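The structure appears below as C-alpha coordinates.
The model shown is predicted, which means the values in this text are computed figures rather than measured ones.
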Amino acid sequence: MDLTPAQSAAWDSVCSILEAELGTDAYRNWIAPLTFEAVIEGVAHFSVPIAFIGRYVKRNSGDKIIELFAEHREHISCLEFHVDDSRRAAPVAPVREEKGAAATPAEPEPLPGAPLDPRFTFDNFIVGKPNEMAAAAARRVAEGGPVLFNPLFLYGGVGLGKTHLMHAIAWEIQKKNPGYRVLYLSAEQFMFRFVQALRFRNTIEFKELFRSVDVLMVDDVQFIAGKDSTQAEFFHTFNALIEQKKQIIISGDRAPGEIDGMEERIRSRLQWGLVADLHPTDYELRLGILQAKAEAYLTDHPEVTLDPTVLPFLAHRISSNVRVLEGALTRLFAFGSLVGRAIDMDMTTECLSDILRASSRKVTVEEIIRKVCEHYNIRQTDILSPRRARVVARPRQVAMFLSKTLTTKSLPEIGRRFGGRDHTTVMHAVKRIEELRQSDSQIADDLEMLRRMLEA
(Lines give C-alpha, C1' and ligand atoms only; values in the text may rest on other atoms or scores of the structure.)
Protein backbone atom coordinates (compact mmCIF):
# COMPACT_ATOMS: atom_id res chain seq x y z
CA MET A 1 0.00 0.00 0.00
CA ASP A 2 1.46 3.33 -1.04
CA LEU A 3 1.54 6.38 1.19
CA THR A 4 -1.12 9.01 0.72
CA PRO A 5 -0.02 12.58 0.01
CA ALA A 6 -1.16 13.54 3.52
CA GLN A 7 0.96 10.78 5.10
CA SER A 8 4.04 11.80 3.09
CA ALA A 9 3.57 15.44 4.09
CA ALA A 10 3.11 14.42 7.74
CA TRP A 11 6.34 12.42 7.67
CA ASP A 12 8.25 15.32 6.12
CA SER A 13 7.04 17.55 8.94
CA VAL A 14 7.93 14.93 11.58
CA CYS A 15 11.45 14.68 10.15
CA SER A 16 11.91 18.47 10.23
CA ILE A 17 10.87 18.64 13.87
CA LEU A 18 13.07 15.69 14.85
CA GLU A 19 16.11 17.18 13.11
CA ALA A 20 15.60 20.45 15.02
CA GLU A 21 15.20 18.62 18.35
CA LEU A 22 17.85 15.89 17.96
CA GLY A 23 20.51 17.84 16.10
CA THR A 24 22.00 17.25 12.67
CA ASP A 25 24.36 14.40 13.61
CA ALA A 26 21.82 12.35 15.55
CA TYR A 27 19.19 12.95 12.87
CA ARG A 28 21.58 11.80 10.11
CA ASN A 29 22.53 8.66 12.06
CA TRP A 30 19.08 7.54 13.19
CA ILE A 31 16.19 9.22 11.38
CA ALA A 32 17.53 9.88 7.88
CA PRO A 33 18.12 6.12 7.22
CA LEU A 34 14.38 5.40 7.77
CA THR A 35 12.14 4.95 4.74
CA PHE A 36 8.45 5.47 5.51
CA GLU A 37 6.60 2.89 3.39
CA ALA A 38 3.01 2.47 4.53
CA VAL A 39 0.39 2.74 7.25
CA ILE A 40 -1.60 -0.47 7.68
CA GLU A 41 -4.35 -0.69 10.32
CA GLY A 42 -2.73 2.03 12.40
CA VAL A 43 0.81 0.57 12.17
CA ALA A 44 3.48 2.73 10.50
CA HIS A 45 5.89 0.54 8.53
CA PHE A 46 9.50 1.62 7.88
CA SER A 47 12.45 -0.03 6.13
CA VAL A 48 15.96 0.31 7.58
CA PRO A 49 19.42 -0.71 6.34
CA ILE A 50 20.13 -2.68 9.54
CA ALA A 51 17.90 -3.94 12.36
CA PHE A 52 19.84 -2.07 15.01
CA ILE A 53 18.62 1.32 13.71
CA GLY A 54 15.01 0.20 13.91
CA ARG A 55 15.39 -1.07 17.47
CA TYR A 56 17.16 2.11 18.53
CA VAL A 57 14.55 4.45 17.01
CA LYS A 58 11.65 2.44 18.43
CA ARG A 59 13.16 2.52 21.91
CA ASN A 60 14.34 6.15 21.97
CA SER A 61 12.09 8.09 19.59
CA GLY A 62 9.07 5.85 18.96
CA ASP A 63 6.65 7.65 21.30
CA LYS A 64 7.77 11.05 19.98
CA ILE A 65 7.15 10.03 16.37
CA ILE A 66 3.66 8.72 17.20
CA GLU A 67 2.92 11.97 19.05
CA LEU A 68 4.05 14.11 16.10
CA PHE A 69 1.98 12.05 13.67
CA ALA A 70 -1.04 12.65 15.87
CA GLU A 71 -0.50 16.40 15.62
CA HIS A 72 -0.97 15.97 11.85
CA ARG A 73 -4.13 13.90 12.34
CA GLU A 74 -2.39 10.65 11.44
CA HIS A 75 -3.38 8.20 14.17
CA ILE A 76 -0.50 5.72 14.54
CA SER A 77 -0.63 3.07 17.26
CA CYS A 78 2.90 1.69 16.83
CA LEU A 79 5.94 1.54 14.56
CA GLU A 80 7.30 -1.52 12.78
CA PHE A 81 10.68 -1.83 11.05
CA HIS A 82 12.04 -4.35 8.58
CA VAL A 83 15.51 -4.65 7.08
CA ASP A 84 15.88 -3.82 3.40
CA ASP A 85 19.01 -5.80 2.38
CA SER A 86 19.38 -3.81 -0.83
CA ARG A 87 20.17 -0.71 1.22
CA ARG A 88 23.22 -2.16 2.94
CA ALA A 89 26.38 -0.25 2.01
CA ALA A 90 28.52 -3.31 2.52
CA PRO A 91 27.75 -6.92 3.44
CA VAL A 92 27.83 -7.61 7.16
CA ALA A 93 26.68 -10.54 9.21
CA PRO A 94 22.99 -10.34 10.12
CA VAL A 95 22.25 -9.20 13.66
CA ARG A 96 20.41 -11.29 16.20
CA GLU A 97 16.66 -10.91 16.34
CA GLU A 98 14.98 -9.66 19.49
CA LYS A 99 13.96 -12.34 21.94
CA GLY A 100 10.79 -14.02 20.74
CA ALA A 101 11.08 -12.78 17.16
CA ALA A 102 11.00 -15.19 14.27
CA ALA A 103 14.41 -16.53 13.25
CA THR A 104 15.68 -15.39 9.90
CA PRO A 105 15.91 -18.20 7.36
CA ALA A 106 19.02 -16.72 5.77
CA GLU A 107 22.40 -18.25 6.57
CA PRO A 108 24.65 -15.84 8.50
CA GLU A 109 27.34 -14.34 6.34
CA PRO A 110 30.91 -14.86 7.56
CA LEU A 111 32.25 -12.12 9.78
CA PRO A 112 34.72 -9.87 7.95
CA GLY A 113 37.74 -10.67 10.08
CA ALA A 114 41.17 -12.02 9.26
CA PRO A 115 41.38 -15.67 8.13
CA LEU A 116 42.51 -18.21 10.72
CA ASP A 117 45.62 -20.27 10.05
CA PRO A 118 44.78 -24.01 10.28
CA ARG A 119 48.30 -24.70 11.59
CA PHE A 120 47.77 -22.55 14.67
CA THR A 121 45.92 -24.88 17.04
CA PHE A 122 46.46 -25.93 20.64
CA ASP A 123 47.66 -29.33 19.43
CA ASN A 124 50.52 -27.63 17.58
CA PHE A 125 51.47 -25.23 20.39
CA ILE A 126 54.49 -26.39 22.38
CA VAL A 127 54.15 -25.41 26.03
CA GLY A 128 57.16 -24.61 28.22
CA LYS A 129 57.89 -22.51 31.27
CA PRO A 130 58.11 -19.22 29.30
CA ASN A 131 54.55 -19.55 27.94
CA GLU A 132 52.91 -21.88 30.46
CA MET A 133 50.59 -19.32 32.07
CA ALA A 134 49.53 -17.74 28.77
CA ALA A 135 48.75 -21.16 27.27
CA ALA A 136 46.71 -22.22 30.32
CA ALA A 137 44.71 -18.97 30.26
CA ALA A 138 44.07 -19.32 26.52
CA ARG A 139 42.78 -22.87 26.96
CA ARG A 140 40.50 -21.78 29.81
CA VAL A 141 38.93 -19.03 27.70
CA ALA A 142 38.54 -21.41 24.75
CA GLU A 143 36.59 -23.88 26.90
CA GLY A 144 33.74 -21.36 27.10
CA GLY A 145 31.43 -20.70 30.02
CA PRO A 146 32.01 -18.08 32.72
CA VAL A 147 35.63 -17.09 33.32
CA LEU A 148 37.16 -14.97 36.04
CA PHE A 149 39.09 -12.81 33.60
CA ASN A 150 37.72 -10.63 30.84
CA PRO A 151 39.52 -9.40 28.85
CA LEU A 152 42.42 -11.80 28.41
CA PHE A 153 45.47 -9.79 27.38
CA LEU A 154 48.44 -11.68 25.90
CA TYR A 155 51.71 -9.87 25.35
CA GLY A 156 55.26 -10.67 24.33
CA GLY A 157 57.87 -9.99 21.69
CA VAL A 158 57.82 -10.98 18.03
CA GLY A 159 57.61 -14.67 17.28
CA LEU A 160 56.82 -15.88 20.81
CA GLY A 161 53.37 -17.35 20.05
CA LYS A 162 50.77 -14.62 20.68
CA THR A 163 49.10 -14.95 17.30
CA HIS A 164 49.31 -18.75 17.48
CA LEU A 165 47.38 -18.72 20.77
CA MET A 166 44.83 -16.22 19.42
CA HIS A 167 44.10 -18.47 16.42
CA ALA A 168 44.00 -21.55 18.64
CA ILE A 169 41.39 -19.93 20.90
CA ALA A 170 39.24 -19.02 17.89
CA TRP A 171 39.44 -22.53 16.41
CA GLU A 172 38.57 -24.17 19.73
CA ILE A 173 35.62 -21.85 20.46
CA GLN A 174 34.19 -22.42 16.99
CA LYS A 175 34.57 -26.18 17.39
CA LYS A 176 32.83 -26.26 20.78
CA ASN A 177 30.21 -23.61 19.93
CA PRO A 178 29.51 -23.62 16.16
CA GLY A 179 26.83 -20.92 16.53
CA TYR A 180 29.12 -18.42 18.23
CA ARG A 181 30.03 -15.27 16.34
CA VAL A 182 33.81 -15.08 16.74
CA LEU A 183 35.52 -12.09 15.15
CA TYR A 184 39.32 -12.14 14.93
CA LEU A 185 41.24 -9.31 13.30
CA SER A 186 44.30 -7.15 13.76
CA ALA A 187 44.11 -3.70 15.33
CA GLU A 188 45.17 -2.34 11.94
CA GLN A 189 42.11 -3.96 10.33
CA PHE A 190 39.90 -2.56 13.08
CA MET A 191 41.22 0.92 12.36
CA PHE A 192 40.84 0.48 8.59
CA ARG A 193 37.19 -0.58 8.94
CA PHE A 194 36.48 2.33 11.25
CA VAL A 195 38.06 4.83 8.85
CA GLN A 196 36.05 3.34 5.97
CA ALA A 197 32.87 3.63 8.03
CA LEU A 198 33.59 7.30 8.69
CA ARG A 199 34.37 7.92 5.05
CA PHE A 200 31.19 6.33 3.74
CA ARG A 201 29.04 7.39 6.70
CA ASN A 202 28.37 3.81 7.75
CA THR A 203 29.34 4.18 11.41
CA ILE A 204 26.04 2.70 12.62
CA GLU A 205 26.69 -0.45 10.62
CA PHE A 206 30.24 -0.57 12.00
CA LYS A 207 28.96 -0.30 15.58
CA GLU A 208 26.31 -2.93 14.98
CA LEU A 209 28.86 -5.35 13.55
CA PHE A 210 31.46 -5.08 16.29
CA ARG A 211 28.98 -4.98 19.16
CA SER A 212 26.94 -8.00 18.08
CA VAL A 213 29.71 -10.62 18.31
CA ASP A 214 30.09 -13.23 21.04
CA VAL A 215 33.88 -13.12 21.06
CA LEU A 216 36.05 -10.23 19.86
CA MET A 217 39.75 -10.88 19.29
CA VAL A 218 42.08 -8.00 18.40
CA ASP A 219 45.72 -8.76 17.60
CA ASP A 220 48.59 -6.25 18.04
CA VAL A 221 46.53 -3.62 19.84
CA GLN A 222 49.58 -1.33 20.12
CA PHE A 223 48.89 -0.34 16.50
CA ILE A 224 46.04 1.99 17.53
CA ALA A 225 48.21 3.86 20.05
CA GLY A 226 48.23 7.57 19.22
CA LYS A 227 45.17 7.28 16.95
CA ASP A 228 42.57 9.17 18.99
CA SER A 229 39.39 8.52 17.00
CA THR A 230 40.08 4.81 16.63
CA GLN A 231 40.90 4.54 20.34
CA ALA A 232 37.62 6.24 21.23
CA GLU A 233 35.63 3.78 19.12
CA PHE A 234 37.61 0.83 20.50
CA PHE A 235 36.87 2.09 24.03
CA HIS A 236 33.11 2.21 23.42
CA THR A 237 33.11 -1.17 21.66
CA PHE A 238 35.05 -2.66 24.59
CA ASN A 239 32.58 -1.28 27.13
CA ALA A 240 29.53 -2.44 25.16
CA LEU A 241 30.83 -6.02 24.92
CA ILE A 242 31.86 -6.19 28.57
CA GLU A 243 28.39 -4.99 29.59
CA GLN A 244 26.90 -7.82 27.49
CA LYS A 245 29.32 -10.27 29.18
CA LYS A 246 30.95 -11.08 25.84
CA GLN A 247 34.53 -12.38 25.83
CA ILE A 248 37.36 -10.13 24.64
CA ILE A 249 40.88 -11.37 23.86
CA ILE A 250 43.60 -8.83 23.06
CA SER A 251 47.29 -9.17 22.22
CA GLY A 252 50.13 -6.66 22.21
CA ASP A 253 53.88 -6.48 22.07
CA ARG A 254 54.07 -4.89 25.54
CA ALA A 255 52.11 -4.87 28.78
CA PRO A 256 49.12 -2.46 28.68
CA GLY A 257 50.80 0.04 30.99
CA GLU A 258 53.87 0.20 28.78
CA ILE A 259 52.19 1.03 25.45
CA ASP A 260 53.08 4.63 24.63
CA GLY A 261 50.30 6.73 23.14
CA MET A 262 47.49 4.56 24.55
CA GLU A 263 44.77 6.44 26.41
CA GLU A 264 44.79 5.84 30.16
CA ARG A 265 41.14 4.74 30.16
CA ILE A 266 41.97 2.00 27.62
CA ARG A 267 45.11 0.93 29.50
CA SER A 268 43.00 0.58 32.62
CA ARG A 269 40.38 -1.57 30.91
CA LEU A 270 42.95 -3.81 29.27
CA GLN A 271 44.16 -4.65 32.78
CA TRP A 272 40.69 -5.46 34.13
CA GLY A 273 41.05 -9.16 33.43
CA LEU A 274 44.16 -11.30 33.18
CA VAL A 275 47.41 -10.03 31.69
CA ALA A 276 49.61 -12.97 30.67
CA ASP A 277 53.04 -12.55 29.12
CA LEU A 278 54.99 -14.89 26.90
CA HIS A 279 58.65 -14.77 27.92
CA PRO A 280 61.52 -15.26 25.49
CA THR A 281 61.91 -18.96 24.82
CA ASP A 282 64.48 -20.98 26.73
CA TYR A 283 66.63 -23.70 25.22
CA GLU A 284 64.32 -26.56 26.23
CA LEU A 285 61.26 -24.92 24.70
CA ARG A 286 63.06 -24.12 21.44
CA LEU A 287 64.33 -27.69 21.23
CA GLY A 288 60.83 -29.03 21.89
CA ILE A 289 59.40 -26.86 19.10
CA LEU A 290 62.08 -28.06 16.70
CA GLN A 291 61.56 -31.72 17.64
CA ALA A 292 57.81 -31.48 17.06
CA LYS A 293 58.31 -29.78 13.68
CA ALA A 294 61.05 -32.20 12.66
CA GLU A 295 58.88 -35.19 13.52
CA ALA A 296 56.14 -33.91 11.23
CA TYR A 297 58.61 -33.14 8.44
CA LEU A 298 60.24 -36.58 8.68
CA THR A 299 56.81 -38.19 8.35
CA ASP A 300 56.15 -36.19 5.18
CA HIS A 301 59.69 -36.65 3.82
CA PRO A 302 60.85 -40.16 4.84
CA GLU A 303 63.68 -39.96 2.32
CA VAL A 304 65.41 -37.21 4.33
CA THR A 305 67.78 -38.08 7.17
CA LEU A 306 68.47 -35.70 10.06
CA ASP A 307 71.67 -35.65 12.07
CA PRO A 308 70.74 -35.60 15.81
CA THR A 309 73.19 -32.77 16.50
CA VAL A 310 71.39 -30.30 14.20
CA LEU A 311 68.36 -29.54 16.38
CA PRO A 312 70.35 -28.77 19.57
CA PHE A 313 72.63 -26.56 17.48
CA LEU A 314 69.71 -24.58 16.06
CA ALA A 315 68.05 -24.31 19.48
CA HIS A 316 71.24 -22.75 20.83
CA ARG A 317 72.03 -20.45 17.94
CA ILE A 318 68.59 -19.07 17.02
CA SER A 319 67.18 -17.85 20.30
CA SER A 320 65.26 -14.63 19.65
CA ASN A 321 62.39 -15.59 17.36
CA VAL A 322 60.43 -18.83 17.03
CA ARG A 323 59.27 -17.91 13.52
CA VAL A 324 62.88 -17.62 12.37
CA LEU A 325 63.66 -20.89 14.14
CA GLU A 326 60.82 -22.74 12.41
CA GLY A 327 61.65 -21.09 9.09
CA ALA A 328 65.24 -22.30 9.38
CA LEU A 329 64.10 -25.89 9.87
CA THR A 330 61.66 -25.61 6.96
CA ARG A 331 64.48 -24.39 4.73
CA LEU A 332 66.70 -27.29 5.76
CA PHE A 333 64.07 -29.91 4.95
CA ALA A 334 63.18 -28.23 1.66
CA PHE A 335 66.84 -28.12 0.66
CA GLY A 336 67.52 -31.69 1.80
CA SER A 337 64.47 -33.00 -0.05
CA LEU A 338 65.26 -31.14 -3.27
CA VAL A 339 68.95 -31.99 -3.54
CA GLY A 340 68.79 -35.39 -1.85
CA ARG A 341 71.30 -34.56 0.89
CA ALA A 342 71.27 -35.59 4.53
CA ILE A 343 70.71 -32.72 6.94
CA ASP A 344 73.97 -32.63 8.88
CA MET A 345 76.02 -29.85 10.46
CA ASP A 346 77.90 -29.04 7.25
CA MET A 347 74.69 -28.61 5.30
CA THR A 348 73.10 -26.63 8.15
CA THR A 349 75.88 -24.05 8.35
CA GLU A 350 75.97 -23.82 4.56
CA CYS A 351 72.22 -23.52 4.01
CA LEU A 352 71.53 -21.22 6.98
CA SER A 353 74.60 -19.02 6.87
CA ASP A 354 72.54 -15.82 6.56
CA ILE A 355 70.18 -16.71 9.41
CA LEU A 356 73.02 -17.79 11.67
CA ARG A 357 74.87 -14.53 11.01
CA ALA A 358 71.77 -12.44 11.67
CA SER A 359 70.87 -14.39 14.82
CA SER A 360 74.28 -13.97 16.36
CA ARG A 361 74.93 -10.83 18.41
CA LYS A 362 78.63 -11.07 17.55
CA VAL A 363 79.44 -12.50 20.96
CA THR A 364 83.22 -12.85 21.31
CA VAL A 365 85.19 -15.57 23.02
CA GLU A 366 86.82 -12.92 25.20
CA GLU A 367 83.43 -11.67 26.34
CA ILE A 368 82.35 -15.22 27.15
CA ILE A 369 85.50 -15.81 29.21
CA ARG A 370 84.94 -12.58 31.15
CA LYS A 371 81.29 -13.35 31.93
CA VAL A 372 82.04 -16.95 32.96
CA CYS A 373 84.81 -15.77 35.28
CA GLU A 374 82.48 -13.21 36.88
CA HIS A 375 79.74 -15.81 37.29
CA TYR A 376 81.99 -18.41 38.94
CA ASN A 377 84.13 -15.82 40.76
CA ILE A 378 87.47 -16.94 39.33
CA ARG A 379 90.29 -15.00 37.65
CA GLN A 380 90.74 -14.94 33.87
CA THR A 381 94.38 -15.93 34.31
CA ASP A 382 93.18 -19.13 36.00
CA ILE A 383 90.74 -20.11 33.25
CA LEU A 384 93.50 -19.64 30.64
CA SER A 385 96.14 -21.43 32.73
CA PRO A 386 97.03 -25.15 32.65
CA ARG A 387 95.35 -25.65 36.06
CA ARG A 388 93.06 -28.72 36.16
CA ALA A 389 91.44 -28.23 39.55
CA ARG A 390 87.66 -28.78 39.33
CA VAL A 391 86.93 -25.24 40.54
CA VAL A 392 88.69 -23.97 37.39
CA ALA A 393 88.25 -26.86 34.93
CA ARG A 394 84.43 -26.89 34.98
CA PRO A 395 84.03 -23.14 34.31
CA ARG A 396 86.63 -23.49 31.54
CA GLN A 397 84.55 -26.25 29.92
CA VAL A 398 81.42 -24.11 30.26
CA ALA A 399 83.19 -21.20 28.56
CA MET A 400 84.38 -23.48 25.74
CA PHE A 401 80.85 -24.85 25.27
CA LEU A 402 79.40 -21.34 25.08
CA SER A 403 82.14 -20.28 22.67
CA LYS A 404 81.20 -23.16 20.38
CA THR A 405 77.44 -22.53 20.51
CA LEU A 406 77.38 -18.70 20.56
CA THR A 407 80.15 -17.84 18.13
CA THR A 408 81.19 -18.88 14.65
CA LYS A 409 84.75 -19.67 15.73
CA SER A 410 86.19 -23.04 14.78
CA LEU A 411 87.38 -25.53 17.40
CA PRO A 412 91.09 -24.75 16.75
CA GLU A 413 90.39 -21.00 17.05
CA ILE A 414 88.57 -21.51 20.35
CA GLY A 415 91.42 -23.67 21.63
CA ARG A 416 93.94 -20.94 20.84
CA ARG A 417 91.87 -18.36 22.78
CA PHE A 418 92.01 -20.65 25.84
CA GLY A 419 95.75 -20.61 26.32
CA GLY A 420 96.73 -22.45 23.13
CA ARG A 421 94.80 -25.66 23.80
CA ASP A 422 94.25 -28.35 21.14
CA HIS A 423 90.91 -28.57 19.33
CA THR A 424 90.33 -32.06 20.79
CA THR A 425 90.29 -30.49 24.26
CA VAL A 426 87.53 -28.16 23.12
CA MET A 427 85.59 -31.08 21.59
CA HIS A 428 85.80 -32.98 24.88
CA ALA A 429 84.64 -29.92 26.84
CA VAL A 430 81.65 -29.36 24.54
CA LYS A 431 80.62 -33.00 24.74
CA ARG A 432 81.03 -33.12 28.52
CA ILE A 433 78.93 -29.98 29.15
CA GLU A 434 76.27 -31.21 26.74
CA GLU A 435 75.99 -34.38 28.84
CA LEU A 436 75.98 -32.52 32.15
CA ARG A 437 73.36 -30.08 30.90
CA GLN A 438 70.93 -33.00 30.60
CA SER A 439 71.62 -34.45 34.05
CA ASP A 440 72.78 -31.51 36.20
CA SER A 441 70.12 -28.82 36.71
CA GLN A 442 72.67 -26.40 38.17
CA ILE A 443 74.81 -26.57 35.02
CA ALA A 444 71.69 -26.14 32.88
CA ASP A 445 70.66 -23.06 34.87
CA ASP A 446 74.16 -21.61 34.68
CA LEU A 447 74.26 -22.06 30.92
CA GLU A 448 70.88 -20.43 30.39
CA MET A 449 71.72 -17.49 32.64
CA LEU A 450 75.07 -16.91 30.95
CA ARG A 451 73.54 -17.18 27.50
CA ARG A 452 70.89 -14.60 28.35
CA MET A 453 73.50 -12.20 29.73
CA LEU A 454 75.71 -12.60 26.67
CA GLU A 455 72.87 -12.20 24.15
CA ALA A 456 71.15 -9.32 25.94
Side-chain angles (χ1 to χ4, degrees), residues 110-143 149-176 180-193 210 213-225 230 234 238 247-256 258-259 262 270 273-282 285-286 288-290 292-293 296 318-330 355 359:
L111 289 167
L116 298 175
D117 192 323
R119 299 171 301 168
F120 291 167
T121 64
F122 283 121
D123 291 339
N124 295 332
F125 188 82
I126 307 300
V127 179
K129 285 185 179 180
N131 59 28
E132 188 174 23
M133 179 181 176
R139 280 189 174 276
R140 177 64 191 87
V141 169
E143 289 172 1
F149 38 86
N150 193 18
L152 170 61
F153 188 94
L154 304 171
Y155 78 92
V158 175
L160 297 184
K162 302 186 301 298
T163 298
H164 189 140
L165 281 180
M166 296 275 281
H167 286 229
I169 292 171
W171 283 122
E172 192 70 14
I173 290 176
Q174 290 177 339
K175 183 171 73 173
K176 292 180 179 295
Y180 266 36
R181 290 163 55 81
V182 180
L183 178 57
Y184 165 83
L185 75 171
S186 68
E188 183 178 9
Q189 290 170 311
F190 180 91
M191 187 189 76
F192 174 77
R193 287 198 156 270
F210 280 89
V213 300
D214 295 297
V215 181
L216 176 64
M217 312 179 74
V218 180
D219 209 352
D220 290 323
V221 74
Q222 73 277 356
F223 186 86
I224 67 172
T230 303
F234 179 80
F238 183 100
Q247 183 66 52
I248 301 174
I249 302 113
I250 309 289
S251 81
D253 63 353
R254 284 154 286 170
E258 298 173 357
I259 302 177
M262 190 71 78
L270 292 178
L274 177 64
V275 177
D277 65 329
L278 291 91
H279 299 292
T281 55
D282 57 20
L285 180 54
R286 291 194 300 275
I289 291 170
L290 287 173
K293 295 280 289 184
I318 305 174
S319 59
S320 60
N321 191 320
V322 172
R323 291 177 194 161
V324 175
L325 187 67
E326 293 179 338
L329 190 64
T330 300
I355 294 178
S359 299

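A donor-acceptor pair under 3.5 Å is formed between the side chain of Ser251 and the backbone N or O of Asp220. Put simply, the side chain of Asp277 never gets that close to the backbone of Tyr155: no donor and acceptor are under 3.5 Å apart. With hydrogens and angles disregarded, no donor-acceptor distance shorter than 3.5 Å links the side chain of Lys176 to the backbone of Ala142. Between the side chain of Trp171 and the backbone N or O of Arg119 there is no donor-acceptor pair closer than 3.5 Å.
Residues satisfying the side-chain hydrogen bond (donor to acceptor under 3.5 Å, both in side chains) criterion with Thr121, sequence neighbours excluded, are Asn124. By the side-chain hydrogen bond (donor to acceptor under 3.5 Å, both in side chains) test, His167 is found to be paired with Tyr184, residues two or more places apart in sequence or in another chain being considered. The ring pair (Phe, Tyr, Trp, His ring centres under 6.0 Å) check on Phe153 picks up nothing, with sequence neighbours excluded.
Residue Leu270 comes nearest to Pro151 through the heavy atom pair O-CG, 3.9 Å, listed as atom of the first residue, atom of the second, then distance. Of all heavy-atom pairs spanning Met217 and Ala170, the tightest one is SD-CB, 3.7 Å.
For the pair Gln174 and Leu116, the minimum side-chain heavy-atom distance is below 4.5 Å. At least one side-chain heavy atom of Val324 sits less than 4.5 Å from a side-chain heavy atom of Ile355.
Atom CD1 in Ile318 sits 9.0 Å away from atom CG in Leu329 (nearest 0.5 Å). Rounding to the nearest 0.5 Å gives a distance of 12.0 Å between CG of Leu165 and CD of Glu172.
Crowding of Gln222 atom CD: a count of heavy atoms from other residues, nucleotides or ligands under 6.0 Å exceeding 12.
Remark: the Thr163 side chain and the Asp219 side chain contain an N/O donor-acceptor pair separated by less than 3.5 Å.
A salt bridge links Arg140 and Glu143; the closest N-O separation between the charged side-chain nitrogens and carboxylate oxygens is under 4.0 Å.
Not less than 6.0 angstrom separates the ring centroid of Phe190 from the ring centroid of Phe223.
Under the side chain to side chain contact (heavy atoms under 4.5 Å, CB included) test applied with Val182, the options Val213, Ile173, Ile169 reduce to a single match, Ile173.
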